[in-house]
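Heads up: the structure comes next, in structure tokens.
Everything numeric in this text was worked out from a predicted model, so none of it was measured. A, B, ... follow the sequence lines: proteins, then strands. Residue 1 opens every chain. All values below were derived from every heavy atom in this structure, side-chain atoms included, with hydrogens, water molecules and symmetry-related copies excluded.
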Amino acid sequence: MSALLQQRSTGAARDDARLRDRLVFGDETAFIDLYERFSSLVYTIAARVTRDRRAAEDVTQEVFLAVWQRPLAFDPAKGSLRGWVAMMAHRRAVDLVRREEAHRRTTLDGRLHAEPLGHGDPVGDQVSDADAAERLGTALRALPEHLSRAVTLAYLEGRTYREVAVELGVPEGTAKSRLREGLRRLAVALQSIHAQDGEGP
Amino acid sequence: MTGTQSHSTVVGLIAAWALDACSPAERDLVEAHLGGCPACAREAGELREAAADLGGAYLRPPPGRLAGLRAAAAGRRPPATAVPGYAAPYAAQVAALDLLLSGLEPRDWPRIAAYGELSVRDLVVHLAASDGLVAAGLGLTVRPPAVPGETLAARTAAVLHAERGWPVDRVRQSWRAQADALCHALVGQAAPGTVTVTLDRPVPLVDALTARAFETWIHGEDIAAAAGRRPLPPLPEHLHPMADLAARILPHVLFRHVPPPHDRSVRLHLTGDGGGSWTVPLRATVPGRGRPAAVISVDVVEFCRLAGDRRDPARVPVEVRGDTAVARQFLAAVPAMAVVP
């Protein structure tokens with residue numbers, strides 16, 4: 001990691017810790033800041049996974065309430081606030097989808113997000129299709145099909161790696177290693193995206 | 001499962017974990033492993049960050065949801081009560097302590113948390129007792145009724161007596177409700193600089209609120225330690241007035257602990273966010289002459305803990321220049337100011 005990037009990530013970690021602490025001290029303006037920073041991220045993940053506007057709103061609300069109620073659950077030493085909030089959103093969305101699997105799943109297109117979502121998107125208006133998001137799409141498309149399909153089945157379709165294995169007709173060990181290889185390649189690509197963008201989208 | 005087996009299993013599962021694509025049992029296995037394995041923790045962190053971007057281009061959440069969300073948040077956990085700036089550190093400490101208390105287990109409340117005899121429950125009552133003297137000084141009705149000239153010790157004993165047998169939730173809610181009432185009363189104070197309240201001695205209202213913030217923080221750390229939680233220092237902008245209060249009280253107590261001559265001063269550099277520099281005369285009534293006898297640099301959070309009598313003056317890391325003996329006597333006297341009664 002370059003010295004400049006290291007410095008930036010240290011500054012970002014301090015900002016995250018400061019926002020977390022303001023939440024601990026009951027600062028309502030910190031809650032508003034949190035919402036302004038992450039509501040699109042949280043809603044996007046919830047909407048992509050649940051494909052249901054109402055469910056996405058519920059997940060979004062529960063994520064922000066959970067952070068407000070337990071801000072100390074976030075440990076800045078373990079990663080960014082953004083990554084943590086995204087994780088909470090994804091977990092809740094996946095839990096919801098798994099509970100309502102039969103009702104909710106109508107499409108099985110695992111490459112959903114690799115396509116432009118601006119037109120006819122069932123869950124909302126696209127805010128940005130430029131810059132980081134576009135380069136993410138490029139990074140995803142640059143992945144071999146067998147890797148991107150495994151990753152998107154898991155993340156966007158809410159499948160477990162066992163279900164991914166069945167879906168793709170491969171052994172479970174192969175499914176796990178495809179998830180790992182695909183996500184690792186994306187992590188490398190995204191690191192360079194964030195290095196160009198500063199804090200990212 | 002041995003550590004090595006666990007490690008190789010977890011390595012294979014980390015990506016699935018980052019994508020929420022493993023079973024609950026596997027998720028627990030991964031998370032238990034991450035605490036003790038820096039290599040896996042680093043990879044987990046990187047993969048989590050990457051997963052956060054998989055939602056792709058942002059969608060706009062429906063507008064106008066923030067107001068309802070704020071109301072729901074306040075219903076789940078009351079925010080710090082709105083107060084004038086001088087009382088913001090107090091309102092913040094109250095909110096943070098309430099968060100800590102609401103997360104305690106029933107078994108945590110009887111734990112001894114301070115002075116070898118006060119339980120977590122006793123400390124919350126003690127805080128309510130001290131707050132009550134400030135509230136009564138502002139003309140609020142407090143329960144049990146405040147007695148004119150009541151000392152902090154007597155007030156604490158009276159509130160302990162009145163609240164004996166109460167469930168801990170009621171003790172916490174009573175403390176919080178009184179703190180909020182105090183905060184609300186401050187909003188109506190037209191000229192807080194002219195008001196004095198009695199906390200064993202007459203104290204300007206503004207300083208009284210800073211002292212209440214200070215004590216709430218220090219006892220909050222006592223409670224956190226008793227319950228095995230990590231302490232959280234105040235925000236820098238809240239820490240600064242507490243350090244300033246301590247630096248202003250010191251000249252009133254130092255002369256009893258530092259041998260004469262008292263026409264000297266010590267330069268105090270409090271380092272870290274919220275710190276600053278103060279010239280502290282050894283006696284309030286005697287102006288310090290010339291250059292400071294000693295210069296002491298110490299971390300501002302550690303200094304405040306020392307002022308709260310929560311650190312050993314001989315063990316706090318400090319940097320001293322000038323007269324080392326005076327500096328040592330000065331540091332030894334800091335806990336005696338009893339900023340936290």
Only pairs of heavy atoms separated by less than 4.5 Å count here; which of [options] has the most with chain A?
options	answer
B:Glu26, B:Glu46, B:Gln93	B:Glu26
B:Ala80, B:Ala73, B:Ala15, B:Ala95	B:Ala73
B:Ile14, B:Asp98, B:Leu13	B:Leu13
B:Ala44, B:Ala51, B:Ala16	B:Ala51

Heavy-atom pairs under 4.5 Å with chain B: which of [options] has the most?
options	result
A:Trp84, A:Phe64, A:Phe31	A:Phe31
A:Ser177, A:Ala187, A:Ser80, A:Gly83	A:Ser80
A:Lys78, A:Arg70, A:Glu57	A:Glu57
A:Ile32, A:Leu72, A:Thr60	A:Ile32
A:His90, A:Glu163, A:Glu36, A:Glu181	A:His90
A:Leu179, A:Val188, A:Asp95, A:Ile45	A:Leu179

Contacting region of [X] [heavy-atom separation from chain A under 4.5 Å]:
X	result
B:Val11	both
B:Ala72	both
B:Arg229	neither
B:Arg230	side chain

Check the side chains of [Y] and [X] for a donor-acceptor pair under 3.5 angstrom, ignoring hydrogens and angles.
X	Y	result
A:Glu157	A:Thr152	no
A:Gln69	B:Arg76	yes
B:Asp20	A:Tyr155	no
A:Thr29	A:Asp27	yes

_I'd like to check B:Ser102 versus B:Arg77 (side-chain heavy atoms, cut-off strictly below 4.5 Å). Are they in contact?_
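SC-SC contact between B:Ser102 and B:Arg77 ruled out.
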Atom group of [X] that falls short of 4.5 Å from chain B, counting heavy atoms:
X	value
A:Ser39	both
A:Glu172	neither
A:Val24	both

*Closest heavy-atom pair and its distance - B:Ala18, A:Leu183*: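 Minimum heavy-atom contact is CB-CD2, 3.9 Å.
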_Heavy-atom pair of closest approach, residues A:Lys176 and A:Tyr161_ =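 Answer, listing the atom of A:Lys176 first, then A:Tyr161: CG-CD1, 3.5 Å.
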*After noting the C-alpha distance and the side-chain angles of B:Ile223 and B:Leu104, does the key distance pass the side-chain contact (heavy atoms from CB on, under 4.5 Å) rule?*
CA-CA 10 Å; B:Ile223 292 168; B:Leu104 292 185; 4.1 Å; yes
*Let me know which of B:Thr210, B:Asp207, B:Leu186 forms a side-chain contact (heavy atoms from CB on, under 4.5 Å) with B:Tyr86.*
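It is B:Leu186; the other options fail the test.
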*Any donor-acceptor pair under 3.5 Å from A:Arg184 side chain to A:Gly182 backbone*: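 Absent.
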*Quick one: sort the B:His33 and B:His7 rings into parallel, tilted or perpendicular, breaks at 30° and 60°.*
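If you compare the ring of B:His33 with that of B:His7, the planes turn out tilted.
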